[in-house]
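FYI, the numbering just counts along the sequence from 1. As the structure lists them, so they are numbered: ligands from 1, and atoms in each ligand from 1.
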Amino acid sequence: MNIAIIGSGPSAFYTVQSFLRENPSTNIDVFEKLPAPFGLVRYGVAPDHQKTKNIIRLFTKYLYENNVNYYGNVEIGKTIALETLSNIYDAVVVSSGAPEDKNLSIDNNSKVKIYGSAQFVGWYNGNPIHSNLSPNFNCKNIVIIGNGNVALDCARVIAKTKEEFHQSDIMEYALRALNQSSVENIYIIGRRTPKDAKFTISELREMADLKLYKPEVDYDEKEMLKVLEINDLDTKVKKNIEALIDFKKISTDNKKKVIFKFLSTPSKVINENGIDYLILNKNKVIENKIVSSDTIEKIPTDLIITAIGYRVSPIEGLETEPNNNFFVNKEGHIKANIYTSGWASGASVGVIGSNKIGASLLVKKIISEVSTNKKNSNSKILEYFSKNSISYLTKEDWKKIDQIEIESANENFTRNKLVNIESINNKLRV
Ligand code: NAP
């Protein structure tokens, strides 16, 4: 069987894993639009969460299997049409993730910059698409919108000192910029209540370990205690609420703060007397429903990061659902011999390992549905590259780059990522 996989992040490599388990002789060609592989693990997972990044070891094992090929810096839909892949391979699996930010409409009549978390996270992680972002931390107040783990990642990265990034793979340019920070307040804004927050407990608790910042919770403790009295309260919610209550008891000398605000819908940024403010429309809970109120709150704001979830990058020839959140599909089947797995196929939620079961089910489905009549797919794609003068990086190229990144990292870092294709090509030519 000859398979093309679009993308090289977690859902792509769990799909590779399942093919190698179910049908070890499958020939798999992985196409990645960025030069380097591993998508969300390399460019999304926070640089100080190195344990989570260890999954790269497993993915690398699959990458170097003889019947797996890697073509980096090749964008399907641009460098090669999806139809071309569909014609050459028995099946194509779209595992390109959800690398774009969901839009938040905030009326902005100020100079305040509003970045999406894909941009901001991509910047500190050396994603070539976002490496030129240059956020300015020479300011007092940063607002992060969203109550998920990505909001916590962004807040933690802004808050940490150089020492707290020891043995991480944060980009040196990001660390330099963060080191010059004069930020005093990082606001984390949720439109609903602490009970509705999507944080997971270990990530939330990390906010209490920050060297320079103290977590503060702007929510009535009595209301949180009432939540703890609910019968059959979800354990995850219980732990989050307990952590938020604990934050209220922390006494440190830290002047800098991470301030959690709830029941707040951001509406616009205004400038009053030279100061920029984010206007929050305050919500209230009535009969377990969140409803808006007439109250507003304004918080001084110099930079806004929205961390409200992700959408796919459209691919020519594929239909997305109306908000571009994922590609339209039925249990992973898009059309003809084209399938999809991971965040490209549904909501962008879950941890890296959450992609495993879906990939396994999809691979079984592909094996049962697809007729294997395409021959010499790999030779055909190489011929296509050559005929159309398409340059690409192979897994052997990546092996060299990987080694260079690890060897050139100074002792404080686990790797020194090469960002763009020019710098990668320069190293490969040496
Ligand atoms: P998420 O967990 O879905 O959180 C998104 C947040 O944005 C929610 O609080 C949501 O509020 C809010 N939101 C959505 N639309 C909004 C709007 N229009 N206005 C205001 N707020 C809005 O997404 P995420 O933080 O991007 O994370 C994606 C997935 O990756 C999650 O499953 C997450 O757990 C996972 N992740 C895990 C880790 C880790 O394990 N360390 C790290 C990072 C990410 P509502 O609930 O009200 O919709």
Discussion item. In terms of relative ring orientation, are Phe262 and Phe260 parallel, tilted or perpendicular, with 30° and 60° separating the classes?
Written reply: parallel

Worksheet item: What are the two closest heavy atoms between Cys154 and Tyr124, and how far apart are they?
Response: N-OH, 4.3 Å

Worksheet entry | Any N/O pair Ser348/ligand 1 closer than 3.5 Å | no

Worksheet item: Identify the closest protein heavy atom to atom 34 (O) of ligand 1: which residue and atom is it, and at what distance?
Response: Asn149 ND2, 3.1 Å

Worksheet, complete the sentence: Closest to atom 20 (C) of ligand 1 among protein heavy atoms sits Arg191 CD, 3.7 Å

Worksheet entry | Distance from atom 27 (O) of ligand 1 to nearest protein heavy atom, with residue and atom | Val150 CG2, 3.5 Å

Response to the item:
In this structure, atom 19 (N) of ligand 1 is nearest to the protein heavy atom Leu104 CD1, 3.5 Å

Discussion item. Within the 4.5 Å heavy-atom criterion, are Asn69 and Thr394 side-chain neighbours or not?
Written reply: no

Response to the item:
atom 1 (P) of ligand 1 has as its nearest protein heavy atom Gly148 CA, 4.3 Å

Worksheet item: Is ligand 1 under 4.0 Å from a heavy atom in the side chain of Asp153, in the backbone, in both, or in neither?
Response: side chain

Worksheet entry | Ion pair check, Glu203 and Arg156, cut-off under 4.0 Å | no

Worksheet entry | Any Phe199 heavy atom less than 4.0 Å to ligand 1 | no

Item to complete: State whether Arg311 and Glu321 are salt-bridged, where the test is any N-O pair (Lys NZ or Arg NE/NH1/NH2 against Asp/Glu carboxylate O) under 4.0 Å.
Response: no

Worksheet item: So, Tyr71 versus Phe31, ring centres under 6.0 angstrom or not?
Response: yes

Discussion item. If the cut-off is 4.0 Å to any non-hydrogen atom of Ala307, which atoms of ligand 1 fall inside it?
Written reply: 5 (C), 6 (C), 7 (O)

Fill in: Ring-ring centroid check Phe13 Tyr62, cutoff 6.0 Å
no

Worksheet item: Quick one: does Thr200 get an N or O within less than 3.5 Å of an N or O on ligand 1?
Response: no

Worksheet entry | Lys/Arg cation over aromatic Tyr64: Lys399, 6.0 Å, 45° cone | yes

Item to complete: Measure from the ring center of Tyr339 to the ring center of Phe327 and say whether it is less than 6.0 Å.
Response: no

Fill in: Sub-4.0 Å atoms of ligand 1 with respect to non-hydrogen atoms of Tyr310
26 (O)

Discussion item. Tell me the contacting part of Ser202 for ligand 1: side chain, backbone, both, or neither, using a 4.0 Å heavy-atom threshold, strictly below.
Written reply: neither

Discussion item. Considering non-hydrogen atoms of the protein only, which is the closest contact for atom 7 (O) of ligand 1, and what is the distance?
Written reply: Ile308 CA, 3.3 Å

Worksheet item: Which residue supplies the protein heavy atom nearest to atom 8 (C) of ligand 1, what is that atom called, and how far is it?
Response: Asn147 N, 3.9 Å

Item to complete: Is it possible for you to check whether Lys356 lies under 6.0 Å from the centre of the six-membered ring of Tyr14, through NZ or CZ, and within 45° of that ring's axis?
Response: no

Worksheet item: Short N/O distance, under 3.5 Å, between Glu203 and ligand 1?
Response: yes

Worksheet item: Nearest protein heavy atom to atom 31 (C) of ligand 1, by residue and atom, and its distance?
Response: Gly350 N, 3.7 Å

Item to complete: Show which atoms of ligand 1 fall inside a sub-4.0 Å distance from at least one heavy-atom site of Val351.
Response: 40 (O)

Worksheet entry | Residues Asp302, Lys113: salt bridge by 4.0 Å N-O rule | no

